Structure formats: C-alpha cells, structure tokens
Engineer: 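Can you keep this structure in mind? I'll have questions shortly.
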Amino acid sequence: MRDSLDSSSSDIEATVADEGKTRKRPRPGERRLQILQVLAEMLQNPKGERVTTAALAAKIQVSEAALYRHFASKAQMFEGLISFIEQTVFGLINQINQKEESGLAQARGMLQMLLFFAEKNPGMTRVLLGDALLQEDDRLQERITQVLDRVEASVKQALRIAQSQGGAWANVSQDEVSVRAAMLMSYVLGRWHRFARSGFKKLPTEASDISLRILLSE
C-alpha cells in the first residue's frame, strides 16, 4: 500500500521534470502542476503559516499575475489540491475493496491508507484538517467536509459487509455500525491533528496496527 501511495501522489509531490535547455516555456499544464506542487510543499511548514499568493509566486520565481493565468483565484488552487486528495483517496479505496473480500479487512485497509496518505503528504494533511483553508473561501471547507463524509460512508459500508459475513459482527446493530464508523474516523482525524501539531514529527502510523486491531475488535 505504501508503494501505491508513493506512486499515486507523485503528480504533485514529485519535482517537476527539468524543462531542458532547448525549451524556455513549460509544456501546457506543466506550470499549473508546478503551482500545485509548490503550494503543497509550502503547506508543510511546521509553523502552519498562511500561504499567500505573493509568497507562492516568489517561491516559483514568477509574478502573481502569472499565477492567475493558470488559476482564476487562490481558492481554485486549493480546489486543485482537494481534487487530488479526492481522486487519490477514492482510487485507493476502490483498490482495497477489489482486493479484500472481508468487510473488516476493507475497513482496516481504508483506515491504514488514510494514515499513510497523511504521513506521505504532510501539506495535504493540513488541507484535510481544514487548517490550511482558514481565512479562505468558505466553499473549500464545505468541499473537504464532503470528502470526509464520503470516506466515512465508505468505512460504514465496509462494516456493514462485515456485519453480513457472520461472526461477532453479526450481532452489531445498524445504529452501532454508524457509531463505529464515526468513532473510527475520529481516530484518524485525531492522528492527523497529532501529526500536524507535532510539526509533522509524530507519525500517524505509529502503533496503528495495534490501535486498529483494538478499535475493530468485538
């Protein structure tokens, strides 16, 4: 799974390829990708300072006007990061569901993936938590909340599959399945917050195998 995360996050987290001596202008879409990449890198600042377009432009060594040739607004830049998160996370959830028949294995895989994703993408963690979206357009908070609600629904569906597969989970009520899914997402969010507060030093995957075994047990 770690390899999958490394591969899927490379579009933004990897350094944009060398443009070459014979070409002065970036290829179509390359500058846009570079802007998102650098924005994600700047969000990894342990101090959690707000990223301004002036600072972003200076980091890329272009004018602010050049940024707005690729994105209509700063909010649109953040929407690009949220879209990346959404596509990556749900792509991995689909892979997990196709690989695992057990509902409990699906839930465990999703939760572990969420922890790995944050660990590999510290800047994205601040977006997931909404920290990076403070003082930005309100619709960004709404958008990331919708993404997390969809993730919780996926975890809930995995627990319902576990419920239908017999064993100890067969005795769990529908209401308890919903409570369990919310509790598991709270655990993930707590790990993300701990990671961000520590300046990205306390890894979210630390002792996660033991934690998830306890949380998913009956």
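The figures here come from the full heavy-atom set of this structure, side chains too, leaving out hydrogens, waters and symmetry mates. Source: prediction; values computed, not measured.
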Engineer: Could you check if a side-chain atom of Phe90 sits within less than 4.5 angstrom of a side-chain atom of Ser154, using non-hydrogen atoms only?
Structural biologist: yes
Engineer: Ala105 and Glu100: which non-hydrogen atoms are nearest, and at how many Å?
Structural biologist: CB-OE1, 3.6 Å
Engineer: Is it true that a side-chain atom of Gln76 and a backbone atom of Ala72 form a donor plus acceptor pair closer than 3.5 Å?
Structural biologist: yes
Engineer: Which pair of non-hydrogen atoms, one from Gln44 and one from Pro122, has the smallest distance, and what is that distance?
Structural biologist: CG-CB, 3.9 Å
Engineer: Can you tell me how far apart CD (Glu142) and CG (Asp149) are? Round to the nearest 0.5 Å.
Structural biologist: 11.5 Å
Engineer: Between Gln146 and Glu86, is any pair of side-chain heavy atoms under 4.5 Å apart?
Structural biologist: no
Engineer: Give a yes or no on whether the backbone of Leu216 and the side-chain of Arg180 come within a donor-acceptor separation of less than 3.5 Å.
Structural biologist: no
Engineer: Hey, are the side chains of Glu152 and Leu184 touching, using non-hydrogen atoms and a 4.5 Å cut-off?
Structural biologist: no
Engineer: Please report, to 0.1 Å, the donor-acceptor pairs under 3.5 Å made by any side chain of residues 60-71, with sequence neighbours excluded.
Structural biologist:
{"residue": "Ser63", "atom": "OG", "partner": "Ala66", "partner atom": "N", "Å": "3.1"}
{"residue": "Glu64", "atom": "OE1", "partner": "Thr53", "partner atom": "OG1", "Å": "2.6"}

Engineer: Run through Glu30, Arg31, Arg32 and flag the one making a side chain to side chain donor-acceptor pair (under 3.5 Å) with Gln34.
Structural biologist: Arg31
Engineer: Please say which of Arg143, Arg126, Lys74 ends up in a salt bridge (charged side-chain N to carboxylate O under 4.0 Å, His left out) with Glu136.
Structural biologist: Lys74
Engineer: Should Glu79 and Arg139 be marked as a salt bridge (Lys or Arg N to Asp or Glu O under 4.0 Å) after you check the CA-CA gap, both sets of side-chain angles, and the distance that decides it?
Structural biologist: CA-CA 9 Å; Glu79 285 179 338; Arg139 74 175 185 273; 2.7 Å; yes
Engineer: If you define the side chain from C-beta out and look only at heavy atoms, does anything of Ser102 sit under 4.5 Å from Gln165?
Structural biologist: yes
Engineer: Just checking, is any N or O donor in the side chain of Ser208 or Gln112 under 3.5 Å from an acceptor N or O on the other one?
Structural biologist: yes
Engineer: For Thr88 and Ile85, indicate whether the former's side chain and the latter's backbone hold a donor-acceptor pair under 3.5 Å.
Structural biologist: no
Engineer: With a 4.5 Å cut-off on side-chain heavy atoms, are Trp192 and Leu114 touching?
Structural biologist: yes
Engineer: Calculate, to the nearest 0.5 Å, the distance between atoms CG and CG belonging to Leu148 and Leu189 respectively.
Structural biologist: 6.0 Å
Engineer: Less than 4.0 angstrom from a charged side-chain N to a carboxylate O is my criterion; do Lys202 and Glu119 meet it?
Structural biologist: no
Engineer: Might you point out which heavy atoms bring Phe200 and Asn45 nearest each other, and give the distance in Å?
Structural biologist: CE1-O, 4.2 Å
Engineer: Ignoring hydrogens, what is the shortest heavy-atom contact between Ile82 and Val147? Give both atom names and the distance.
Structural biologist: CG2-CG2, 4.2 Å
Engineer: Restricting to non-hydrogen atoms, name the atom on Leu140 and the atom on Phe78 that form the minimum distance, rounded to 0.1 Å.
Structural biologist: CD1-CB, 3.8 Å
Engineer: Report yes if some heavy atom in the side chain of Arg191 is under 4.5 Å from a heavy atom in the side chain of Ser211; otherwise report no.
Structural biologist: yes
Engineer: Any side-chain heavy atom of Glu176 within less than 4.5 Å of one from Met183?
Structural biologist: no
Engineer: Looking at every non-hydrogen atom in both residues, tell me the closest pair between Ile144 and Val127 and how far apart they are.
Structural biologist: CG1-O, 3.5 Å
Engineer: Side chains of Gln163 and Arg160: is there a donor and an acceptor less than 3.5 Å apart?
Structural biologist: no
